[in-house]
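Structure first, then comments.
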Amino acid sequence: MGIATIGAFAIGEYPEGVAVMLFYAVGEVFQSMAVTRAKGNIKALLDQRPDEVTVMDNNNRPEIIKAKEAKIGDIIQLKPGEKLALDGELFSESASFNTAALTGESKPDTKNKGETVLAGMINMNSIALVKVNTAYEDSKLSKILELVQNATAQKAPTELFIRKFAKVYTPIVVFLAIGICLLPYFFVDDYLFRDWLYRALIFLVISCPCALVISIPLGYFGGIGAASRNGILFKGSNFLDSIAEIQNVVMDKTGTMTEGVFKVQEVSISPEFNKEEILQLVNALESKSTHPVATAIHNYVGDINHSIPLENVEEIAGHGLKATVNGKELLIGNFKLMDKFNITYDLNHTNIVYTVIAVAYDKKFAGFITIADSIKEDARETVDNLHKMNVKATMLSGDKGTVVKYVADQLGIDNAFGDLLPEDKVNKVKEIKAKNQTVAFVGDGVNDAPVVALSDVGIAMGGLGSDATIETADVVIQDDKPSKIPMAINIGKQTKKIVWQNIVLAFAVKAIVLILGAGGLATMWEAVFADVGVALLAILNAVRIQRMKF
């Protein structure tokens, strides 16, 4: 473009020389605006840290400072409902945190003194003290922000090809232009240097690969930005290409298609017992446990009656809880606990789909409570949308086979397998890949990391989950909604479509104007349109993806 402008000035074609650089500059402005917007989408999604923290000074008084100014070793005071800004270790004896923003786990995570707590966690109940052990810029959230903003370093094959193509193509075009200007001197009788220089400059401008070099990376970057705006993080433009070709989505159950939060489904208490009294006893004893089942029962029954005289409370590992109330034995747990204490019951519990909590009082079987993880409200829509895209859905879970089958039937999932260990999940994915089919695996925990790494596209649910999941996943769904899985596939398909539209547009227009230029029918104005005009159209087309609704 520089040679063409200087050449146009040299032969007195000032308006055309100015037009070349002016349109080129406008193209650059459009490009930088589009990139800034995409970066803004990514940053707004991820940068969830509070700007200020409350630090305890030397006199043990709270002082509010900028989070960036907090130093390693500082003690941060965290009020209930407040979000932690830096990574550290718990300084208080214990505290409960909502880790949903980090792990997607909606149940509170209780931490004890000395355990690691991360930026983004929300303190739940009482005031907690946290000792900072990582600088603000080195926290896990900061690293992920940097990771996603650098996503464009992972180039798509099309983008890599265009870059290599431009490196070889540009010098060749310059030498061809010199040839067009000078070689006719030896073959044309009425050779006029000015005319052939003008033709060479036209050829040079038309041949400039601006439209491709700018619009293709911008198309992918726009795709990453559009995904970020919708709560989906792509770690590189190559994964936009990969996800567009996915034929199978294999998913975990708990935390992916279900809430990961247990709720009471059914309460069956024998008529010889007072149902209200039994539920109050169960609620009181379960309050001594940290198990998610205890939270489900508390949410169902309500406030705990602290006047109930619980004595000799004992938790029997793998079985349940035991206590004495008014001299009578109270047992709450699974049916192994009933068998252990020789409690007779007339119930075939193996046919029950849900998790069953058995209750015995005064040596008699009092009844049972069923508890289940609820299916996410957009889970069915997710599977339907995958089927519309001709993508097969398979569910793999370590949960009880009957539960997995029940959830799969509710959602219309093609294949479902339960009672699986992490290595079993790996083998199931290998079986699908052996059929030469592409696989995306969606998981939400450390145990899913091996199968996430094996799949063609690894998708992590639960936003900023474990380090292992972040390291191995290619796509991270921030808000835990499974409906974002088909959305991510759609964004990949639309990005690929826009990139190929730009490639075809650029080559078609350039080919037409080159033919006209070679015959002396095209002026510098047509050449400017063939390059800068097409580049502008391609940039506007690439930006379009950021305005699309998915």
Inset, instruction - Indicate yes or no for a side-chain donor-acceptor contact from N427 to the backbone of E423 under 3.5 Å, with no hydrogens or angles considered. - result: yes
Legend entry - Carboxylate-amine/guanidinium proximity below 4.0 Å for K484 and D378: no
Legend entry - Spacing of I485 atom CD1 and I477 atom CD1 [to the nearest 0.5 Å]: 5.0 Å
Inset, instruction - For side-chain contact (heavy atoms from CB on, under 4.5 Å), just list the numbers for E89 and V130, CA-CA rounded to whole Å, side-chain angles, deciding distance to a tenth of an Å, and then say yes or no. - result: CA-CA 6 Å; E89 59 181 59; V130 175; over 6 Å; no
Inset, instruction - State whether the side chain of Q247 and the backbone N or O of T438 hold a donor-acceptor pair below 3.5 Å, judged by distance alone. - result: yes
Legend entry - Contact check, side chains of K340 and K336, non-hydrogen atoms, under 4.5 Å: no
Legend entry - Sole candidate of I545, I539, N502 that passes side-chain contact (heavy atoms from CB on, under 4.5 Å) when paired with L218: I539
Inset, instruction - Any chance you could lay out the side-chain hydrogen bond (donor to acceptor under 3.5 Å, both in side chains) test for T382 and S483, step after step, and finish with the verdict? - result: CA-CA 5 Å; T382 300; S483 55; 4.9 Å; no
Legend entry - Test side-chain contact (heavy atoms from CB on, under 4.5 Å) applied to V249 and M251, step by step: CA-CA 6 Å; V249 169; M251 58 198 79; 3.7 Å; yes
Legend entry - Closest approach of A372 to Y354 (non-hydrogen atoms, all atoms of both residues): CB-CD2, 3.1 Å
Legend entry - Pair N238, Y220: side-chain N/O donor-acceptor within cut-off below 3.5 Å: no
Legend entry - Reported NZ-to-OG1 distance for the pair K481 and T256, which is rounded to 0.5 angstrom: 15.5 Å
Inset, instruction - For E115 and N112, indicate whether the former's side chain and the latter's backbone hold a donor-acceptor pair under 3.5 Å. - result: yes
Legend entry - Spacing of I459 atom CD1 and I489 atom CD1 [to the nearest 0.5 Å]: 6.5 Å
Inset, instruction - Determine whether N490 and M389 make a side-chain contact, defined as any pair of heavy atoms from C-beta on separated by less than 4.5 Å. - result: yes
Inset, instruction - Keeping the roles fixed (side chain from D456, backbone from V439), state whether a donor-acceptor pair exists under 3.5 Å. - result: yes
Inset, instruction - Would you check, one step at a time, whether the test salt bridge (Lys or Arg N to Asp or Glu O under 4.0 Å) holds for K428 with D424? - result: CA-CA 6 Å; K428 290 287 180 191; D424 299 326; over 6 Å; no
Legend entry - Over all atoms of both residues, closest heavy-atom pair of F441 and D252: CZ-N, 4.3 Å
Inset, instruction - Among I413, L386, I432, D414, find the residue that satisfies the side-chain contact (heavy atoms from CB on, under 4.5 Å) test when tested with K392. - result: D414
Inset, instruction - Begin from the C-alpha positions of S455 and V250 and carry the test side-chain contact (heavy atoms from CB on, under 4.5 Å) through to its verdict. - result: CA-CA 9 Å; S455 55; V250 179; over 6 Å; no
Inset, instruction - Return the minimal non-hydrogen interatomic distance between V264 and V267, and the atom names on each side. - result: CG1-CG2, 3.8 Å
Inset, instruction - Report yes if the side chains of K430 and V426 come closer than 4.5 Å at any heavy-atom pair, otherwise no. - result: yes
Inset, instruction - May I ask you to say whether K510 pairs ionically with D531, meaning some side-chain N is under 4.0 Å from a carboxylate O? - result: yes
Legend entry - Backbone of S207 reached by a side-chain donor or acceptor of Y169 within 3.5 Å: yes
Inset, instruction - Could you tell me the separation between the NE2 atom of H319 and the CD atom of E315, rounded to the nearest 0.5 Å? - result: 12.0 Å
Legend entry - Any donor-acceptor pair under 3.5 Å from T258 side chain to K253 backbone: yes
Legend entry - Q410 and I375, any side-chain heavy atoms less than 4.5 Å apart: yes
Inset, instruction - Assess whether atom CD of E266 is packed by more than 12 heavy atoms of other residues, nucleotides or ligands within 6.0 Å. - result: yes
Legend entry - Min side-chain heavy-atom separation I357-I371 under 4.5 Å: yes
Inset, instruction - Take K496 and E245 through the salt bridge (Lys or Arg N to Asp or Glu O under 4.0 Å) test and state the conclusion after the steps. - result: CA-CA 10 Å; K496 202 167 183 182; E245 305 297 327; 2.5 Å; yes
Legend entry - Backbone of P486 reached by a side-chain donor or acceptor of N385 within 3.5 Å: no
Inset, instruction - Check the pair Y136 / D87 against side-chain hydrogen bond (donor to acceptor under 3.5 Å, both in side chains), numbers first and verdict last. - result: CA-CA 8 Å; Y136 183 80; D87 295 352; over 6 Å; no
Inset, instruction - Report yes or no: is the cationic atom of K111 (NZ for Lys, CZ for Arg) under 6.0 Å from the centre of the six-membered ring of F97, at an angle within 45° of the ring normal? - result: no
Legend entry - Distance (rounded to the nearest 0.5 Å) between I491 CD1 and N230 CG: 5.0 Å
Legend entry - Heavy-atom side-chain contact between R229 and Q546 under 4.5 Å: yes
Inset, instruction - Salt-bridge test for D384 and K388: reply yes if a basic N is under 4.0 Å from a carboxylate O, no otherwise. - result: no
Inset, instruction - State whether the side chain of T370 and the backbone N or O of V356 hold a donor-acceptor pair below 3.5 Å, judged by distance alone. - result: no
Inset, instruction - Before giving the answer on side-chain contact (heavy atoms from CB on, under 4.5 Å), spell out for M395 and M257 the whole-Å C-alpha distance, their side-chain angles and the decisive distance to 0.1 Å. - result: CA-CA 9 Å; M395 182 183 281; M257 302 307 279; 4.0 Å; yes
Inset, instruction - Check the pair E82 / N123 against side-chain hydrogen bond (donor to acceptor under 3.5 Å, both in side chains), numbers first and verdict last. - result: CA-CA 6 Å; E82 202 173 354; N123 185 24; over 6 Å; no
Legend entry - For I246 against V391, the heavy-atom pair lying closest together: O-CG2, 3.6 Å
Legend entry - Min side-chain heavy-atom separation V383-H387 under 4.5 Å: yes
Legend entry - Closest contact, heavy atoms only, G223 versus T495: CA-OG1, 3.5 Å
Legend entry - Nearest non-hydrogen partners of L233 and S228, listed with the distance: CD2-OG, 4.1 Å
Inset, instruction - Return yes if a side-chain donor-acceptor contact under 3.5 Å exists between R544 and Q501, otherwise no. - result: yes
Inset, instruction - Nearest 0.5 Å please: distance from the CH2 atom of W500 over to the CG atom of L505. - result: 14.0 Å
Inset, instruction - State, with a plain yes or no, whether a side-chain heavy atom of V442 is found less than 4.5 Å away from one of P482. - result: no
